[in-house]
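Numbering of ligands and ligand atoms starts at 1, following listing order.
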Amino acid sequence: MKIQFKTVKIKTAKPFRIARDATVEKEIIILQIDEGLGEAAAYTTYGETLQGNIDFLNEKIRPILENHDPFEINAIHDEMERISPHFNSIKAAVDMAIYDLIGKTLGIPTYKFLGITPTPVRTSYTIGIDEIEIMQKDVELHSDFEVYKIKVGIGNEMEVIKAIREVTDKPLRLDANEGWTAKEAVRKINQILERFDNIEFIEQPVPRWDIRGLKYVKENVPIPVIADESFHKLEDFQKIADAVDGVNIKLAKSGGITEALRIIHAARALGLKVMLGCMVETSLAISAAAQIAPLVDYADLDGNLLLESDPFKGVKTEKGRLYLNELPGLGVTA
Ligand code: MG
């Protein structure tokens, strides 16, 4: 397999703020394995860096790819895992590129290769933390979406939800990005629910290490609690399966589609909900995730829509739904 890559700078149309930090610009890796394309947006929250990803690719992943046929995707994934549990965004790029390559080799879309029906899936549109009037405007500017994800966790959530409810009565998903203590989360969520209807779930109310806190929240609020920062891979179910109602899969955390599929099956066996999320990333990575979106309960695949300009075209988002195309592989063109 011929392995090439380049780095590309991507910029958000406006600063994208969450409880923990803000994204304006970042440099990603666009990976090409033969005809297959993949994307790695280094997950800085977990200590990943662009250079670390490049070194891991060159030193550790290249020899694995040289020893395998691309159709051996499970073996490739497992060997990358065995070398390190980290560097998941570059592993995801490799995994995406291989699925893209397999699809292009067979002349079929990846979802078809995986036996997935390409039903249009509803995605949320994410409203980042900002001045309240700007958050309201953002909802109004994206009035064709059927559900919004509201970033909370900095203390003014009642005021934020009240303002959002002035401009829409559509379902809202809340994401606190580790911003609360467990007690605070229970109090705030129940206060919000007393005043406002149609709140779908709360994502990562407490710090990632606070599994007991997640469980406390789950037991004391009537809406589903979804783990994001506390959950990366299959093995994490061992510590959080009974502490949450569901998990948020992101390809950049799981290391790609291969692991994401395993997580979906395990979650079903455990009776848990599945959310599929993303990073600020291009239509390449979003199209990769969209291939498996018909399998999940909640899709949150809007990272490409936050970009000032997107170097790729792929899955189409129309009226808040994701439409997969019939091009081979991930269905992405430059
Ligand atoms: Mg989240």
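- Salt-bridge check for Glu178 with Arg20: passed, with a basic side-chain N closer than 4.0 Å to an acidic carboxylate O.
- Remark: Arg268 engages Asp297 in a salt bridge, criterion side-chain N to carboxylate O under 4.0 Å.
- For Lys253 and Glu229, the salt-bridge test fails: no basic side-chain N is under 4.0 Å from an acidic carboxylate O.
- At the Mg ion (ligand 1), the vertex angle linking OE2 of Glu203 with OD2 of Asp228 is 90° (nearest 10 degrees).
- Taking the Mg ion (ligand 1) as reference, Asp175 places its N/O/S atom OD2 nearest.
- Under a 4.0 Å N-O distance rule, the pair Glu81/Arg262 does not qualify as a salt bridge.
- Here Asp300 does not reach the Mg ion (ligand 1): none of its N/O/S atoms is less than 2.8 Å from the metal.
- Residue contacts to the Mg ion (ligand 1): Glu229 brings no N, O or S atom closer than 2.8 Å.
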